[in-house]
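Scroll down for the structure; my scribbles are underneath it.
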Amino acid sequence: MEARLNLFASPVAAKFTRHIVAAGKALDDSGLPAATQELVKLRASQINGCGFCTDMHTKDATAAGETSVRLNLVAAWREATVFTDAERAALELTEQGTRIADAAGGVTDECWANAAKYYDEEQLAALVCCIAIINAFNRGNVIVQQPAGGYQPGQFA
């Protein structure tokens with residue numbers, strides 16, 4: 001399978017991607033746990049049907065020490081007992097933030113309040129930014145049908 005457009009060869013796409021990646025670097029010092037960030041990226045990618053990002057973030061999380069049990073249960077996090085309450089709040093915010101067009105009013109006050117119980121303002125800001133960034137990447141990859149499966153952890157470091 002080939003992508004409709006080679007985003008890696010396009011000067012415009014490369015410049016755009018560099019800016020998104022640079023924006024994402026702000027999350028490194030945010031205090032939002034790296035494991036939570038990977039769970040968020042994985043869940044949004046699953047919802048959006050982005051095979052490339054699902055592959056990437058599953059492999060990156062595994063390389064960082066995440067367990068296969070937790071990664072396999074991200075799609076069913078509501079029924080899974082392997083996530084903390086804070087992670088569950090982040091996953092709920094991810095789902096509502098990713099499915100914004102499906103819900104009149106977007107993210108509910110209850111969802112936001114639940115996340116605010118576990119994360120301070122800087123961490124909430126990082127969580128919102130993480131959700132926004134992964135959704136941007138997902139949309140680009142889905143539009144061009146970026147193939148999945150060949151990503152190696154740290155490939156874009």
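Numbering starts at 1 and runs along the sequence shown.
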[X] (side chain) donor-acceptor with [Y] (main chain) under 3.5 angstrom:
{"X": "Asn114", "Y": "Glu110", "answer": "no"}
{"X": "Thr98", "Y": "Thr94", "answer": "yes"}
{"X": "Gln145", "Y": "Val142", "answer": "no"}
{"X": "Tyr119", "Y": "Ala86", "answer": "yes"}
{"X": "Arg88", "Y": "Ala80", "answer": "yes"}
{"X": "Asp120", "Y": "Glu122", "answer": "yes"}
{"X": "Glu38", "Y": "Ala35", "answer": "no"}
{"X": "Asp55", "Y": "Tyr151", "answer": "yes"}

Within-4.5 Å side-chain heavy-atom neighbours: [X] and [Y]:
{"X": "Leu7", "Y": "Asn141", "answer": "yes"}
{"X": "Lys41", "Y": "Cys130", "answer": "yes"}
{"X": "Val128", "Y": "Trp112", "answer": "yes"}
{"X": "Phe137", "Y": "Val21", "answer": "yes"}

Quick one: pull up [atom1] in [X] and [atom2] in [Y] and give me the separation to the nearest 0.5 Å.
{"X": "Leu124", "Y": "Leu32", "atom1": "CG", "atom2": "CG", "result": "9.0 Å"}
{"X": "His57", "Y": "Cys50", "atom1": "NE2", "atom2": "SG", "result": "8.0 Å"}
{"X": "Ile131", "Y": "Leu93", "atom1": "CD1", "atom2": "CG", "result": "4.0 Å"}
{"X": "Thr36", "Y": "Glu87", "atom1": "OG1", "atom2": "CD", "result": "5.0 Å"}
{"X": "Leu42", "Y": "Glu66", "atom1": "CG", "atom2": "CD", "result": "9.5 Å"}
{"X": "Asn48", "Y": "Thr54", "atom1": "CG", "atom2": "OG1", "result": "8.5 Å"}

Do [X] and [Y] sit in the same hydrophobic cluster, where Ile, Leu, Val, Met, Phe, Trp and Tyr count as joined when their side-chain heavy atoms come under 4.5 Å apart?
{"X": "Trp77", "Y": "Ile47", "answer": "no"}
{"X": "Val40", "Y": "Val107", "answer": "yes"}
{"X": "Met56", "Y": "Phe8", "answer": "yes"}

Item to check | Presence of salt bridge, Arg43 and Glu92, under 4.0 angstrom | outcome: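 Result for this pair is no, no salt bridge flagged.
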Heavy-atom closest contact ([X] atom, [Y] atom, distance):
{"X": "Gln96", "Y": "Thr108", "value": "OE1-N, 2.8 Å"}
{"X": "Ala44", "Y": "Ile134", "value": "CB-CG2, 3.6 Å"}
{"X": "Cys53", "Y": "Ser45", "value": "CB-OG, 3.1 Å"}

Item to check | Intermediate values then yes/no, side chain to side chain contact (heavy atoms under 4.5 Å, CB included), Phe156 and Thr17 | outcome: CA-CA 11 Å; Phe156 300 121; Thr17 300; over 6 Å; no
Next on the checklist: Working note: Phe52 + Asn138, criterion side chain to side chain contact (heavy atoms under 4.5 Å, CB included); need CA distance, chi angles, decisive distance, verdict.
Outcome noted: CA-CA 8 Å; Phe52 186 86; Asn138 290 165; over 6 Å; no
Next on the checklist: Evaluate Arg78 against Glu95 for salt bridge (charged side-chain N to carboxylate O under 4.0 Å, His left out), listing each step before the verdict.
Outcome noted: CA-CA 11 Å; Arg78 282 180 180 79; Glu95 286 194 2; 2.9 Å; yes
Next on the checklist: Counting only heavy atoms from other residues, nucleotides and ligands, does the tally under 6.0 Å from CD of Gln155 exceed 12?
Outcome noted: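 Check passes, neighbour count above 12.
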Next on the checklist: Taking atom CG as the centre, does Asp28 end up with more than 12 heavy-atom neighbours from other residues, nucleotides or ligands that are less than 6.0 angstrom away?
Outcome noted: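 Yes, enclosed.
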Checklist entry - Would Ser30 and Gln37 satisfy side chain to side chain contact (heavy atoms under 4.5 Å, CB included), going step by step from the backbone distance to the final call? => result CA-CA 11 Å; Ser30 68; Gln37 291 182 47; 4.1 Å; yes
Item to check | Check against side chain to side chain contact (heavy atoms under 4.5 Å, CB included), Ser68 and Thr62 | outcome: CA-CA 7 Å; Ser68 61; Thr62 300; over 6 Å; no
